[in-house]
Enquirer: 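One structure, pasted below without further comment.
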Amino acid sequence: MEHPENNEEYKGLTVNSGVEQPSIVNPYLKRMRVKRRELSAAEMVEGILKGNVTVLSQAVTLVESVNPEHQKKAQEVIDKCLPYSGNSVRIGISGVPGAGKSTSIDAFGVHVLDRFGGKLAVLAIDPSSERSKGSILGDKTRMEKLALRKESFIRPSPTAGSLGGVARKTRETIILCEAAGYDKIFVETVGVGQSETACHSMVDFFLLIQLAGTGDELQGIKRGIMEISDGIIINKCDGTNVDKCQMAATNFRNALHFFPAPDSGWLPKVLCYSGFYGLGIKEVWDMVYEYIDFVKANGYFDYRRKEQSKYWMYESINEHLRNSFYNNALVGQSIADAERAVLCGEKTSFAAAADLLDLYFGSLKK
Ligand code: GDP
């Protein structure tokens, strides 16, 4: 039997002209492929001062880079932006995962922009993102309404390095954002571990998001973090949860009585709200701005910022020394042996440390 495709009448393999195709789907593609010329530090500063978001993002990327050349350029940009910074209200927002930080920041951000105008930058300190190779905080998709506002700049946490390093980068990013005209800065942090302390050292008001019924308020587990909080807000005060939240608020208020009076002279407040349903948001921001007015009037606002600058000077020195030590070639060659000697009891920790430090300081003299 003859194969049907051998029949002259068979049209299956005939190529017909199809729909006319455009030469290129995206006419701008070629233009986009052109490698962007790298901006000089002065050009970056100029762009930042004009509020150019693309340039600001590039500068933040530079700040976050571990490349020494980038770091040098970043420092130049930061130095030049410094005189234009400081003119903002910086708010730290902390809470355990699931407390509702993203939901609340979305609601808070839209509220403050609608109510006070201006521009808002949302930054984060999340050292755990180092492990996940990508920030779990500051993700734009979790702040959907705010991400749509052109007055907002949302940036995930820097990912590389120690908590101190991550926090320093966030602090430097604050400077760039302020120079770019962001007059409200939110710094988000996970309420587990040490990152709250780092966050506290760069904000004017530290807001702690709590949930009812976690037992924290009764057991005082989070004593340290409660002590540094200027306001404690209990989220998810909606539906059947309202009574529980109000009871938790009373417990927190009682617990706060046992803490020493803060230097600011401000007695931390405890409020209930619902980030998801948008209930009680105005009251939270009445409190924050009442505090800002209060501490600006009594001088504590300036005092706290100066103390923070001092703290960051020492932090920078510590970090620089630590990096210099651990990146030292001689130390690098000997540190594994020293660790082994300590583990098998050949040397005490102190002797091993002293030997390594001798090696380090010795290498500096050469
Ligand atoms: P984060 O991990 O602290 O950033 O918390 P999320 O903002 O992602 O919220 C964690 C979960 O709590 C989500 O399922 C939210 O929808 C829910 N949630 C957040 N705020 C509220 C609230 O005010 N009320 C209620 N009922 N649920 C909320």
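Atoms within each ligand, like the ligands themselves, are counted from 1 in listed order.
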Enquirer: Check Arg168 with Glu315, please: is the shortest side-chain N to carboxylate O separation under 4.0 Å?
Expert: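 Judged by the 4.0 Å cut-off on N to carboxylate O distance, Glu315 and Arg168 do not form a salt bridge.
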Enquirer: What are the atoms of ligand 1, with element, lying closer than 4.0 Å to any heavy atom of Pro97?
Expert: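 Matching atoms, with element in brackets: 2 (O).
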Enquirer: Is there any N or O on Tyr277 that sits under 3.5 Å from an N or O of ligand 1?
Expert: no
Enquirer: Short list, please: which atoms of ligand 1 are under 4.0 Å from a heavy atom of Ser274?
Expert: 22 (C), 23 (O), 24 (N)
Enquirer: Under 4.0 Å from a heavy atom of Gly275: give me the atoms of ligand 1 that qualify, with their elements.
Expert: 23 (O)
Enquirer: Ligand 1 versus Asn235, non-hydrogen atoms closer than 4.0 Å: side chain, backbone, both, neither?
Expert: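 Within the 4.0 Å criterion, Asn235 contacts ligand 1 through side-chain atoms alone.
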Enquirer: Any non-hydrogen atom of Ala99 lying under 4.0 Å from ligand 1?
Expert: yes
Enquirer: Under 4.0 Å from a heavy atom of Val96: which atoms of ligand 1 are those, numbered in the order shown and with their elements?
Expert: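 Going through ligand 1 atom by atom, the ones under 4.0 Å from Val96 are 3 (O).
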Enquirer: Salt bridge between Arg304 and Asp230, side-chain N to carboxylate O under 4.0 Å?
Expert: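 A salt bridge is present here (some side-chain N lies under 4.0 Å from a carboxylate O).
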Enquirer: Can you check whether Lys101 has an N/O within less than 3.5 Å of an N/O in ligand 1?
Expert: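 It does: an N or O of Lys101 is found under 3.5 Å from an N or O of ligand 1.
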Enquirer: For Asp238, counting its heavy atoms only, list the atoms of ligand 1 lying under 4.0 Å from any of them.
Expert: 22 (C), 23 (O), 24 (N), 25 (C), 26 (N)
Enquirer: So, does Asn241 sit close enough to ligand 1 that a heavy atom of it is under 4.0 Å from the ligand?
Expert: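 Not so, Asn241 does not reach ligand 1.
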Enquirer: Classify the angle between the aromatic ring planes of Phe325 and Tyr360 as parallel (below 30°), tilted (30 to 60°) or perpendicular (above 60°).
Expert: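 If you compare the ring of Phe325 with that of Tyr360, the planes turn out perpendicular.
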Enquirer: In terms of side-chain geometry, is the basic nitrogen of Lys269 or Asp286 positioned less than 4.0 Å from the acidic oxygen of its partner?
Expert: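 Salt bridge absent between Lys269 and Asp286.
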Enquirer: Please confirm whether Lys236 comes within less than 3.5 Å of ligand 1 when only nitrogen or oxygen atoms on both sides are compared.
Expert: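 Yes, at least one N or O pair falls under 3.5 Å.
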Enquirer: Between the main-chain N or O of Gly275 and the side-chain N or O of Ser104, is there a donor-acceptor pair closer than 3.5 Å?
Expert: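 Looks like no, no N/O pair under 3.5 Å.
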Enquirer: Under 3.5 Å, side chain of Asn235 to main-chain N/O of Leu211, donor-acceptor pair present?
Expert: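 Such a contact is absent between Asn235 side chain and Leu211 backbone.
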Enquirer: Salt bridge or not for Lys296 and Asp302, using N-O below 4.0 Å?
Expert: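 Salt bridge flag = no for Asp302 with Lys296.
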Enquirer: Using a strict threshold of under 4.0 Å (side-chain N to carboxylate O), is an ion pair present between Glu69 and Lys73?
Expert: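 Salt bridge between Lys73 and Glu69, a charged N being under 4.0 Å from a carboxylate O: no.
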